[in-house]
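Have a look at the structure below before the remarks.
Chain letters run A, B, ... following the sequence lines, proteins first and then strands; every chain starts at 1. Note that this is a predicted model, so its numbers are computed, not measured.
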Amino acid sequence: MAAVNISGLHSHVGEIVTINGWVVTTRSSGKIAFLVVRDGTGYVQGVLSKKEVPESTWATFAALTQESSVSLTGTVRQEPRSPGGYELGVQAITLRGASPDYPITPKEHGTTFLFEHRHLWLRTRRQAAVARVRHEVVQSIRDFFYERGFVLVDTPILTGAIGEEAGNLFATDYFDLGKAYLAQTGQLYVEAAAAALGKVYCFGPTFRAEKSKTRRHLTEFWMVEPEVAFNDSDANMRLQEEFVSYVVSRTIERRRDDLKELERDTATLERVQPPFPRISYTDAVTRLCELGSDIQWGQDLGGDDETLLAQQYDRPVFVFNYPRQVKAFYMKENPADPRTVLNNDCLAPEGYGEIIGGSQREDDYDKLLARIQEQGLDPEVYRWYLDLRKYGTFVHSGFGLGVERTVAWICGIAHIREAIAFPRQIHRLYP
RNA sequence: UCCCGAGUAGCUCAGCUGGUAGAGCAGGUGACUGUUAAUCACCGGGUCGGGGGUUCGAGUCCCUCCUCGGGAGCCA
């Protein structure tokens, strides 16, 4: 007899089937016993009656502990008292793997303990729900770009000293060429690919050696970075609002059960539809000062400023054209106000902060070279990047969206380390 | 790097102005035929983060180091 998945039990009512899975809980009242088993597709309750099963089966049940792996054979019946709505009248139990002293109990645990046991914690309902939401977010990202004719270009993870500050790069020895660095971004490469293919994106892990200790930072995180030839900053923001709205609406539509498990109020997510409100950096500073912030023109927005500003809107908000001195060298100077650049951040509501950073790129060879030198970067390292402005320069723009921040926001979870299966943080390299 | 906070049973925590270490859960044993984190009874379980100091006496007070959590900066 072939084993069936718990999610497919509804089509086997009245039949004898076998399911394979792990024991969640056991309960016994002397002559009747219950166990809940999960198999990754769902949860089901099994029931055993002492007088209806062989003594050996009753003994096997008695020895089961949390997270033992088992095969259960029994009759499927509809039963509202069982989680999932179906129940298995158990006739036989095979113990596949014992599980003595399972560390994660049904009671509460601290976050340090849970992350130390992340490899086991993933088995719980909430963590599995987050994993499925992430899966949907990732698939919707790929589908969005696929459906719109973008070409996926995989950018290198081992790079030369490309990026921003060298202090934020993870270094590793690279044969006779000295140091290689783990990529902080694929953007510069994707700009080269845009000149070849028009609309492109890269999607992969990125690495930042920042000693950040906040709920919004990981040292390894996933980022999707589209880049579009002949898109200006305005078209870039339109692409972003369409993109974010697509990902959010598709995820809440297809992962409703998981968001319910996470007790996420989806009302705020339903409102994520274009157009998103837009406010210039300069206007944002004025507004923030009215709201009690002590930010001054020229400073970057702090975490509290972002939250305060985002609270003024019922959906994500764009803040555009920041002062050039707080932004990266590759952003295009604003012709209308050279103190600023043609960029934008996208701030998620509910205090989740910056989920996107985007910009139109500097396409003038001389200005780009000047910026590189101004920031003390080595022009020789960026020679190939400068070539893009030397041979048929073009207006282009793009952005980067952080997957974990987006997943955390959609799930309504407090810390982005729960939005990835095995988070990497300053103090965490295990498991 | 800076500012807060926390380290006591396998886990989550309590432990007062210093006086020989506690609970719940988990584990073990037993009772119970429809349980939902089942319930009830009993049992085992401790280098109180490390080191030093004050004291007749330190989980508790002082010094120091370590580890972890939250926040800032930086960013997605």
Under the salt bridge (charged side-chain N to carboxylate O under 4.0 Å, His left out) rule, collect the residues that match up with [X], sequence neighbours excluded.
{"X": "A:Arg118", "answer": "none"}
{"X": "A:Arg428", "answer": "A:Glu116"}
{"X": "A:Arg215", "answer": "none"}

Any donor-acceptor N/O pair under 3.5 Å between B:C32 base and A:Arg27 side chain: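 Checked by distance alone, the answer is no.
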Any donor-acceptor N/O pair under 3.5 Å between B:U33 base and A:Lys51 side chain: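 Indeed, a donor on one side and an acceptor on the other fall under 3.5 Å apart.
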Watson-Crick and G-U pairing of RNA chain B, under 3.5 Å, as dot-bracket with | and [ ]: (((((((..((((.....[..)))).(((((.......))))).....(((((..]....))))))))))))....
Side-chain donor-acceptor pair present, [X], [Y], cut-off under 3.5 Å:
{"X": "A:Ser397", "Y": "A:Arg361", "answer": "no"}
{"X": "A:Arg132", "Y": "A:Gln127", "answer": "no"}
{"X": "A:Glu225", "Y": "A:Gln187", "answer": "no"}
{"X": "A:Asn343", "Y": "A:Ser359", "answer": "no"}

Base versus backbone protein contacts along nucleotides 1-9 of chain B [heavy-atom cut-off under 4.0 Å; B, S, -]: B--------
Heavy-atom protein contacts under 4.0 Å, nucleotides 39-47 of chain B, coded B base, S sugar-phosphate only, - none: ---------
With A:His10 via ring pair (Phe, Tyr, Trp, His ring centres under 6.0 Å) - residues at least two apart: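 In terms of ring pair (Phe, Tyr, Trp, His ring centres under 6.0 Å), with neighbours along the sequence ignored, A:His10 is linked to no residue.
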Contacts of A:Phe150 that satisfy ring pair (Phe, Tyr, Trp, His ring centres under 6.0 Å) - sequence neighbours left out: A:Phe145
If you check every side-chain atom of [X], which of [options] has the closest atom?
{"X": "A:Ser29", "options": "B:A38, B:C74, B:A76", "result": "B:A38"}
{"X": "A:Glu306", "options": "B:A76, B:C75, B:C32", "result": "B:C75"}
{"X": "A:Thr214", "options": "B:G34, B:G73, B:A38", "result": "B:G73"}

Under 4.0 angstrom, heavy atoms only, what part of the nucleic acid is [X] near: base, sugar-phosphate, or nothing?
{"X": "A:His117", "result": "nothing"}
{"X": "A:Asp345", "result": "nothing"}
{"X": "A:Glu87", "result": "base"}
{"X": "A:Gly353", "result": "nothing"}
{"X": "A:Arg428", "result": "nothing"}
{"X": "A:Glu404", "result": "nothing"}
{"X": "A:Arg215", "result": "sugar-phosphate"}
{"X": "A:Ile355", "result": "sugar-phosphate"}

Write down the distance between [atom1] ([X]) and [atom2] ([N]), rounded to a whole number of angstrom.
{"X": "A:Gln425", "N": "B:U67", "atom1": "CD", "atom2": "P", "result": "16 Å"}
{"X": "A:Glu225", "N": "B:A76", "atom1": "CD", "atom2": "P", "result": "9 Å"}
{"X": "A:Arg126", "N": "B:A37", "atom1": "CZ", "atom2": "C1'", "result": "16 Å"}
{"X": "A:Trp409", "N": "B:A76", "atom1": "CH2", "atom2": "C1'", "result": "14 Å"}
{"X": "A:Ile104", "N": "B:A26", "atom1": "CD1", "atom2": "P", "result": "15 Å"}
{"X": "A:Leu401", "N": "B:C75", "atom1": "CG", "atom2": "C1'", "result": "14 Å"}

Sub-6.0 Å ring centroid separation between A:Tyr181 and A:Phe207: no
Ring centres under 6.0 angstrom apart (A:Phe329, A:Tyr382): yes
Pull out every protein N or O sitting under 3.5 Å from an N or O of nucleotides 10-12 of chain B, one pair per line with the distance.
| unit_1 | atom_1 | unit_2 | atom_2 | d |
| --- | --- | --- | --- | --- |
| B:C11 | O2' | A:Glu108 | O | 3.2 |
| B:C11 | O2' | A:His109 | ND1 | 2.5 |
| B:U12 | OP1 | A:Gly110 | N | 3.1 |
| B:U12 | O4' | A:Glu108 | O | 3.4 |
| B:U12 | O2' | A:Glu108 | OE2 | 3.0 |

Any pair counted as side-chain hydrogen bond (donor to acceptor under 3.5 Å, both in side chains), so long as it reaches residues 55-65 of chain A, sequence neighbours left out: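 Applying side-chain hydrogen bond (donor to acceptor under 3.5 Å, both in side chains) to every pair that reaches into residues 55-65 of chain A, excluding sequence neighbours, yields A:Thr65-A:Ser68.
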Most 5' of A:Gly402 and A:Ile32 on RNA chain B, judged by nearest nucleotide: A:Ile32
Full working for ring-ring contact (aromatic ring centres under 6.0 Å, His included) between A:Tyr322 and A:Trp297: CA-CA 9 Å; A:Tyr322 280 63; A:Trp297 200 98; 10.0 Å; no
Aromatic ring of A:Phe34 stacked on base six-ring of B:G34, 5.5 Å, 30°: no
Would you be so kind as to tabulate the donor-acceptor pairs closer than 3.5 Å made by side chains of residues 272-280 of chain A, with sequence neighbours excluded?
| unit_1 | atom_1 | unit_2 | atom_2 | d |
| --- | --- | --- | --- | --- |
| A:Arg278 | NH1 | A:Asp234 | OD1 | 2.7 |
| A:Ser280 | OG | A:Asp283 | N | 3.1 |
| A:Ser280 | OG | A:Asp283 | OD2 | 3.4 |

B:C48 and B:C13, which share atom name C1', separated by this distance in whole Å: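 Each nucleotide's C1' atom is 13 Å from the other's.
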Results of side chain to side chain donor-acceptor pair (under 3.5 Å) for A:Arg255 - residues two or more places apart only: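 Here the qualifying residues are A:Asp258.
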